[in-house]
Structure formats: structure tokens, C-alpha cells
*Asks:* 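Mind looking over this structure? Questions follow.
Values below: all heavy atoms of this structure, side chains included; hydrogens, waters and symmetry mates excluded.
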Amino acid sequence: MKKRMLSIVLVVAMCFGILTGCGSDKKSSGEKASASMSLLESIKQKGKLVIGTASGYPPYEFVDVTSADQKVIGIDIELAQKIADKIGVKLVVQDMSFSALLSSLPAKKVDLAIAGINPTDERKKTMDFTDNYLTADQSILILKKDADQYKTLDNFKGKTLSVEKATTQETIAQKELPTCKLTSLEKVPDCILELKNGKAAGVVVESIVGQQYVLSDKSLQFSDATFNEKKYSAIALEKGNEDLLKVINEVIKENQDNGNFDKWVEEYSEKATKNAE
């Protein structure tokens, strides 16, 4: 009798072990399937495209102060919406600082980073980039009253310049103006405030962005000083997502060919200027 009971216990234990093992295999298989899903497939499954951006960079992205919900608008948001429409999902925008934006991709907090990002060789080591969608010169904003004082890059030697943190402008200033002291801040408006408060001789900005501040503030203007490098804008995403990259590049080309980018630059430059009035 004792032998029979022992046999029954052993059989039950074996069955339990088999069932548990099967459950474990299924879970492992599910995890593998999830891990192997591409970003494009994941976006379609979620039904939404989550983009990260950094407002305060008109006309690329800025807060519409005239709207009830204070939403972020601009060239990059229009482009993001076209991408979401192409995929057939809802667009979700997450606003953050530019420095936080670049770390949000590997942390999987966003699907794409869209904020007038320059696809530098250094950045390409850790993320992929789409084709370029806009090109601009680099400039220095100064106070109009100082125009005669700052006409060349040499005039800024030993001076303090303000620049948005972790941007191409910060890198260019470090490279072409090594004797300058840089004050790196989270947003361009913060940099402009440094200039107007007399704490900086100028603000290094992309010309398309700087134009908004010149139009809205009569005390500002561009210095005649010019940099050697241009700024290119592209969308950043995690490496290894060729299918999604292909879709985005198709959207970029479509909107370059149909003139939408030119229209968006004009539209949101005017909108940003009115917002600042």
C-alpha cells in the first residue's frame, strides 16, 4: 500500500513538472516573439507612434500659446503626423529637453526623436538616421546695439556665448570659437534671456530658428559672422529598423517633392512670430 501511494505521488509530481515546463516554454516563446518584433510592427500593434521632441525651437517645434491645450506644433510635428498617417496609427507627442531627448531612444521611451536633429558621425554610432529633410546655416544672434562690435568670429574671442545644451550649435561653437566661454542651457529662449540680460555676447543658433527671434524682437539681429558648417536635420531612431526607416524616407521625399516643407517653414515661421507678439 505504501509503495502504491509513493508511486502515485511520483506520477503526480512528474505531471506537475511537465505542465510547469510546458507553461515555461510557452512564456519563453512569447517573450522571444515580442523581442523579435520590429519597431514598425510594434507601432502598428500599439496603434500609436510616440515621438519625442524639444519645444522652444521654432519653427521646428514650439508651444502654441494661442491654443487651449498649449500643444506643441511646428514643421517636425507636421512631418511626424504624415509618418503616423502613412503607417495608419495615432500620433503621440512627448515634449522634453533636447539633452533628455537623445537618451530617450535607447531607453525606449519614444519610437522616434524629431527635433531638428543633426545626424553627426558621433550620433550615428548609437542611432540610425533618416534622409535629411532640411538644411540651414549656423548663425549668432546679438543685440542690435552691438552690431558694429561683432562682425566676425574673431570679434567674439574671449567672450561668453550662450547655446542650447547637447546640440550641434554647442559642438560648432566649441570647435570654431575655442577661446569663448559657453553657457549651455536647456532651451533657446533661456539662451536669448542670457543675451538680453547682458550675460552673453551672443547666442549660437540655426538660422531658421534664429529668424523667429529677430522677427519678434526688434532688439535682436544676426551678426555678420559666419560659420563654416551647415546644419542638417533628420529623424533619429534605434538601429536595426530598416523597414521603418524606408517608410519614413518615403514620407520625407513625398513632402519634399510636393513642396510641403517650404510651406511648413513659411507657415510656422509666421505662426511663431505671432505667438511671440
Side-chain angles (χ1 to χ4, degrees), residues 25-55 57 59-62 71-135 166-168 231-265 268:
D25 288 343
K26 287 180 180 178
K27 182 178 179 181
S28 176
S29 176
E31 288 174 348
K32 287 178 182 178
S34 177
S36 64
M37 183 182 294
S38 73
L39 180 55
L40 179 57
E41 291 170 331
S42 174
I43 291 168
K44 288 180 178 179
Q45 187 180 74
K46 291 184 300 182
K48 62 182 179 181
L49 170 66
V50 181
I51 69 143
T53 194
S55 64
Y57 204 64
Y60 288 92
E61 45 270 325
F62 56 100
K71 65 180 179 179
V72 179
I73 60 174
I75 299 167
D76 286 341
I77 309 306
E78 289 282 2
L79 175 56
Q81 186 62 64
K82 292 293 184 183
I83 296 168
D85 291 344
K86 183 85 168 182
I87 300 173
V89 295
K90 177 184 176 182
L91 177 65
V92 176
V93 179
Q94 291 189 8
D95 190 18
M96 60 192 76
S97 68
F98 191 81
S99 55
L101 176 63
L102 295 180
S103 62
S104 66
L105 279 176
K108 300 186 184 300
K109 293 179 180 179
V110 298
D111 300 317
L112 304 175
I114 310 179
I117 304 171
N118 192 8
T120 63
D121 290 339
E122 186 64 28
R123 288 171 180 166
K124 286 179 180 178
K125 293 177 182 178
T126 56
M127 59 191 79
D128 279 342
F129 285 92
T130 64
D131 294 337
N132 299 327
Y133 58 87
L134 280 177
T135 305
T167 60
T168 300
K231 153 76 185 307
Y232 301 95
S233 293
I235 298 172
L237 64 161
E238 277 195 282
K239 283 184 172 294
N241 290 285
E242 297 301 323
D243 51 351
L244 179 56
L245 197 62
K246 181 181 178 182
V247 171
I248 299 174
N249 283 335
E250 287 173 358
V251 174
I252 289 172
K253 188 176 188 307
E254 287 169 5
N255 288 279
Q256 286 174 332
D257 291 346
N258 64 20
N260 269 345
F261 279 105
D262 293 333
K263 184 184 76 174
W264 292 337
V265 169
Y268 286 104

*Asks:* Report yes or no: does K46 contribute a side-chain atom to a donor-acceptor pair with the main-chain N or O of V89 at less than 3.5 Å?
*Replies:* no
*Asks:* Kindly compute the distance separating OG1 (T120) from NZ (K125), expressed to the nearest 0.5 Å.
*Replies:* 9.0 Å
*Asks:* In terms of relative ring orientation, are Y268 and F62 parallel, tilted or perpendicular, with 30° and 60° separating the classes?
*Replies:* perpendicular
*Asks:* Who are the side-chain contact (heavy atoms from CB on, under 4.5 Å) partners of V265, not counting sequence neighbours?
*Replies:* I75, L134, S269
*Asks:* Within the supplied structure, the quantity of interest is the number of heavy atoms (other residues, nucleotides, ligands) at a distance under 6.0 Å from Q45 CD; does it exceed 12?
*Replies:* no
*Asks:* Taking atom CG of L237 and atom CD1 of I114, what is their separation to the nearest 0.5 Å?
*Replies:* 9.5 Å
*Asks:* Does NZ or CZ of K82 fall inside the cone over Y133's six-membered ring, less than 6.0 Å from its centre and within 45° of the axis?
*Replies:* no
*Asks:* Have T53 and D76 got a donor and an acceptor in their side chains that come within less than 3.5 Å?
*Replies:* no
*Asks:* Which residues pass the side-chain contact (heavy atoms from CB on, under 4.5 Å) test with T126, sequence neighbours left out?
*Replies:* none
*Asks:* Using the side-chain contact (heavy atoms from CB on, under 4.5 Å) rule, take D131 and K253 through it: C-alpha gap first, then chi angles, then the decisive distance, then the call.
*Replies:* CA-CA 9 Å; D131 294 337; K253 188 176 188 307; over 6 Å; no
*Asks:* Could you go through the side-chain contact (heavy atoms from CB on, under 4.5 Å) check for T168 and R123 one step at a time?
*Replies:* CA-CA 11 Å; T168 300; R123 288 171 180 166; 3.7 Å; yes
*Asks:* Which of these passes side-chain contact (heavy atoms from CB on, under 4.5 Å) with K48: V92, L91, I43?
*Replies:* V92
*Asks:* Under the salt bridge (charged side-chain N to carboxylate O under 4.0 Å, His left out) rule, collect the residues that match up with E238, sequence neighbours excluded.
*Replies:* K108
*Asks:* State the CD1-NZ distance between I117 and K231, to the nearest 0.5 angstrom.
*Replies:* 8.5 Å
*Asks:* Examine distances only and state if a side-chain atom of N241 and a backbone atom of S38 form a donor-acceptor pair shorter than 3.5 Å.
*Replies:* no
*Asks:* Step by step, work out the side-chain contact (heavy atoms from CB on, under 4.5 Å) result for I248 and L245.
*Replies:* CA-CA 5 Å; I248 299 174; L245 197 62; 5.6 Å; no
*Asks:* Any salt bridge linking K86 with E254? Criterion: basic side-chain nitrogen under 4.0 Å from a carboxylate oxygen.
*Replies:* yes
*Asks:* At what distance, to the nearest 0.5 angstrom, does CD1 of I73 lie from CD of Q81?
*Replies:* 13.5 Å
*Asks:* Mind listing the side-chain donor-acceptor pairs of residues 93-100 below 3.5 Å, one per line with the distance, residues two or more places apart or on another chain?
*Replies:*
| from | atom 1 | to | atom 2 | distance (Å) |
| --- | --- | --- | --- | --- |
| D95 | OD1 | S55 | N | 2.9 |
| D95 | OD1 | S55 | OG | 3.3 |
| D95 | OD2 | S55 | OG | 2.6 |
| S97 | OG | S99 | OG | 3.3 |
| S97 | OG | A100 | N | 3.2 |
| S97 | OG | E186 | OE1 | 3.3 |
| S99 | OG | E186 | OE1 | 3.3 |

*Asks:* May I ask you to decide if K124's main-chain N or O and K239's side chain share a donor-acceptor pair within less than 3.5 Å?
*Replies:* yes
*Asks:* Can you name the one residue among T130, N132, N249 that meets side-chain contact (heavy atoms from CB on, under 4.5 Å) with I235?
*Replies:* T130
*Asks:* Report the distance from atom OH of Y60 to atom CD1 of I77, rounding to the nearest 0.5 Å.
*Replies:* 13.0 Å
*Asks:* List for me each residue that meets salt bridge (charged side-chain N to carboxylate O under 4.0 Å, His left out) alongside K263, sequence neighbours excluded, and say none if there are none.
*Replies:* none
*Asks:* Report the C-alpha separation of I51 and I83 in whole Å, then their side-chain angles, then the decisive distance to 0.1 Å, and conclude whether the side-chain contact (heavy atoms from CB on, under 4.5 Å) test is met.
*Replies:* CA-CA 11 Å; I51 69 143; I83 296 168; over 6 Å; no
*Asks:* For the atom pair CD1 (I252) and CG (N260), what is the distance rounded to the nearest 0.5 Å?
*Replies:* 13.0 Å
*Asks:* Please enumerate all residues that pass ring-ring contact (aromatic ring centres under 6.0 Å, His included) together with Y232, with sequence neighbours excluded.
*Replies:* none
